[in-house]
There are 2 protein chains.
Amino acid sequence: MLKRRLNRVLPPPPGCALSLCVRYLRGAWTANILWYLKHQPRRFSELRGDLPGISSKVLAQRLRRLEEDGLVARLRARSSPVSIEYSLTDLGLDIQPALAVLVIVGEKIKRRSLS
Amino acid sequence: MLKRRLNRVLPPPPGCALSLCVRYLRGAWTANILWYLKHQPRRFSELRGDLPGISSKVLAQRLRRLEEDGLVARLRARSSPVSIEYSLTDLGLDIQPALAVLVIVGEKIKRRSLS
DNA sequence: CAGCATCCTGCGAGATACTG
DNA sequence: CAGTATCTCGCAGGATGCTG
């Protein structure tokens, strides 16, 4: 059956740069995954440790989409005990400043909600 | 029936500042709505014009959540022809720099995908 | 004008179990 | 270790129509 990847969800929001970028961060975990890849490549189970509560299914899904979107690269490091490293591509690096600002705003929000 | 608002979606991603902030931008239109409120207060139908393709239902939902989250303020401007103005709160202003960076990254992405 | 009501689709996510 | 399979739930969003 023809799979209808018609982009029905998130379909015709204005094609401006903001929507373009936000689209990459869809999903509750996506931004955090990119954040933990900032400093070094990480393996699947390392990322699962970084993100307490994520299921392997969701992590695999997010990583797969990030790879499709060209933000994350996949490298099979070893094969005897299977080991796969995920790292940021150039595009993934480009998006990091945006995440940094989101973190700063998030901390402001946190402080505000405490007071 | 007891409505189970258990926050099942987006529930226990690490409670870090990044997740906190990303939570406010959930939804395809949210970031754009905030963006169009940046320079001046806007009325409902003005926003609908700003965001070609959005339905009034979705716009009303997003505005309501933004109001709950404390990012947007609602002001009944006139009552004879009902007119309601939406504007950014201080918190809504705080998040603007993050959106600005997302726009810049989005433009980089756009340029990259053209070449 | 500024929405709300209703019905429907598709995706993100959780839980659990299983595999090479 | 790095996933896949199956099931269920809830939300974002579209379409259409209606209201004060």
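The sequence lines fix the lettering, A, B, ..., with proteins before strands; numbering per chain opens at 1.
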All heavy atoms of B:Asn32 vs all of A:Ser19, minimum pair found to be ND2-OG, 2.8 Å
Legend entry - Distance-minimising heavy-atom pair for B:Tyr24 and B:Thr30: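 It is O-CG2, 3.4 Å.
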Validation: residues 93-108 of chain B side-chain donor-acceptor distances under 3.5 Å, sequence neighbours left out:
residue: B:Asp94; atom: OD2; partner: A:Arg112; partner atom: NH2; Å: 2.6
residue: B:Gln96; atom: NE2; partner: B:Leu34; partner atom: O; Å: 3.0

*asked:* Taking atom types as they are modelled, would you say the side chain of A:Lys57 forms a donor-acceptor pair with the base of C:dG14 within the 3.5 Å cutoff?
replied: yes
- Proximity to DNA chain C (any heavy atom under 4.0 Å), residues of residues 38-49 of chain B only: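 Those residues are B:Arg43, B:Phe44, B:Ser45.
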From [options], pick the nucleotide closest to the side chain of [X]?
{"X": "B:Val58", "options": "C:dC4, D:dG14, D:dA12", "value": "D:dG14"}
{"X": "B:Ser56", "options": "C:dG14, D:dG17, D:dG13", "value": "D:dG17"}
{"X": "A:Ser83", "options": "D:dT4, D:dG13, D:dA2", "value": "D:dA2"}

Gap between atoms [atom1] and [atom2], on [X] and [N] respectively (whole Å):
{"X": "B:Arg64", "N": "C:dG3", "atom1": "CZ", "atom2": "P", "result": "7 Å"}
{"X": "A:Glu67", "N": "D:dG3", "atom1": "CD", "atom2": "C1'", "result": "13 Å"}
{"X": "A:Leu63", "N": "C:dG12", "atom1": "CG", "atom2": "C1'", "result": "15 Å"}

If the cut-off is 4.0 Å, is A:Arg26 near the phosphate of D:dA12, judged by side-chain N/O to OP1 or OP2?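 False: A:Arg26 side-chain N/O out of range (4.0 Å or more) of D:dA12 OP1/OP2.
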Would you say a side-chain N or O of A:Arg76 is under 4.0 Å from OP1 or OP2 of D:dC1? no
Residues at least two apart in sequence or cross-chain that pass side chain to side chain contact (heavy atoms under 4.5 Å, CB included) with B:Arg74, listed by chain then number, are B:Arg64, B:Glu67, B:Ile84, B:Tyr86
- Query: Can you tell me how far CD of B:Gln61 sits from OG of B:Ser55, rounded to the nearest 0.5 angstrom?
  - Reply: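 If we round to the nearest 0.5 Å, B:Ser55:OG and B:Gln61:CD are 7.5 Å apart.
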Do any N or O atoms of the protein come closer than 3.5 Å to N or O atoms of nucleotides 18-20 of chain D, and which pairs are they?
none

Looking at [X] and [Y], would you say the former's side chain and the latter's main chain have a donor-acceptor pair under 3.5 Å?
{"X": "A:Ser79", "Y": "A:Val82", "answer": "no"}
{"X": "B:Ser83", "Y": "B:Ala77", "answer": "no"}
{"X": "B:Thr89", "Y": "B:Ala73", "answer": "no"}

Atom pairs and distances, donor-acceptor, side-chain atoms in residues 41-49 of chain B, under 3.5 Å, two or more places apart:
residue: B:Arg42; atom: NE; partner: B:Asp50; partner atom: OD2; Å: 3.0
residue: B:Arg42; atom: NH2; partner: B:Asp50; partner atom: OD1; Å: 2.9
residue: B:Arg42; atom: NH2; partner: B:Asp50; partner atom: OD2; Å: 3.1
residue: B:Glu46; atom: OE1; partner: B:Arg43; partner atom: N; Å: 2.8

Whichever of A:Pro81 and B:Thr30 has the more 5' nearest nucleotide on DNA chain D, that residue is A:Pro81
